[in-house]
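Below is one structure, written out as structure tokens; the observations come after it.
Bear in mind the structure is a predicted one, so any value in this text is a computation, not a measurement. Start at 1 with the first residue, then count along the sequence.
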Amino acid sequence: MKYVCELCGWEYDEEEGYPEGGIEPGTPWDEVPENFECPLCGAGKDQFIAD
């Protein structure tokens, strides 16, 4: 599953994770920390939508 930032379009892919931010590949979106911020624009996790 992929989740897209509504503000800038950056995409979180559960299969790829976000290793640069400490999120391992295979991490489901619901296990991403609530304080996660978009690495491009700083939007909060609540600004992401399922794609």
To the nearest 0.5 Å, what is the distance between [atom1] ([X]) and [atom2] ([Y])?
{"X": "Gln47", "Y": "Glu37", "atom1": "CD", "atom2": "CD", "value": "11.5 Å"}
{"X": "Glu16", "Y": "Glu11", "atom1": "CD", "atom2": "CD", "value": "8.0 Å"}
{"X": "Ile49", "Y": "Glu6", "atom1": "CD1", "atom2": "CD", "value": "4.5 Å"}

Point to revise | Cys41 to Leu7 - nearest heavy-atom pair and separation | key: SG-CB, 4.0 Å
Check your understanding: Does atom CD of Glu20 have more than 12 heavy-atom neighbours, drawn from other residues, nucleotides or ligands, at distances under 6.0 Å?
Key -> yes
Review point. To which residues is Phe36 joined in a hydrophobic cluster, defined by side-chain heavy-atom contacts under 4.5 Å among Ile, Leu, Val, Met, Phe, Trp and Tyr, whether direct or through other members?
Key: Met1, Tyr3, Trp10, Tyr12, Tyr18, Ile23, Trp29, Val32, Leu40, Phe48
